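Everything below concerns the one structure shown next.
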Amino acid sequence: MDYPTTLSGKIEGASPRGIDAVLRRMIADREALVAARDAELAARDHTIAALERDIATRDQDIAARDDAISMRDHAIAALERDIAALRPQAERLTRLALALEWRDGPRALRAVLPAARLLRRLMRR
C-alpha cells in the first residue's frame, strides 16, 4: 500500500492519469481490506453462533440433570416416609416371630409323618 508521494504528501506524477491510477489502486486496496474484514467478521459470527448452540445444549443437559435429581430427592423422601410408617409394623412382626418360634423343630412331627405320607398318597389318586 505504498503510494508514490512526495515529502509534502502530494502524489508524485500529478498528471491526471497518474492520480487516477493511484486512486484506483487505493480504492482496490480499500475494497480488499473491507472484504478481508467482512470475512473475518463472518467467521467470528459463525464461531459465536456455534458456541451459543453449545451453551444452549449444555444448559438443557444441566436442566435435565437438575430435574432428575429433583425427582430422585422426591423419591427418597417418599421412601423415608414409607420406612417410618412401616417401622412399627416391622417391630410387631419381629415380636410375633419370636413368640411363634418352633423350639422342637421338625422332630415334633416325626410321629405324624407316616400318616401324612399315607394321606398324601390317597389324595393323589
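Source: prediction; values computed, not measured.
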>> With rounding to the nearest 0.5 angstrom, report the CD1 to CE distance, Ile76 to Met71.
In response: 12.0 Å
> Going by heavy atoms in the side chains, are Ile27 and Arg30 under 4.5 Å from each other?
Replying inline: no
>> Quick one: does any side-chain atom of Ser70 pair with a main-chain N or O of Asp66 as donor and acceptor, under 3.5 Å?
In response: no
>> Nearest 0.5 angstrom please: Thr57 OG1 to Ile62 CD1, how far?
In response: 11.0 Å
> What distance do Leu118 atom CG and Leu113 atom CG have between them, rounded to the nearest 0.5 Å?
Replying inline: 12.5 Å
> Quick one: CD1 on Ile69 to CZ on Arg65, what's the gap to the nearest 0.5 Å?
Replying inline: 9.0 Å
> Should the pair Arg87-Glu91 be classified as a salt bridge under the 4.0 Å nitrogen-to-oxygen rule?
Replying inline: no
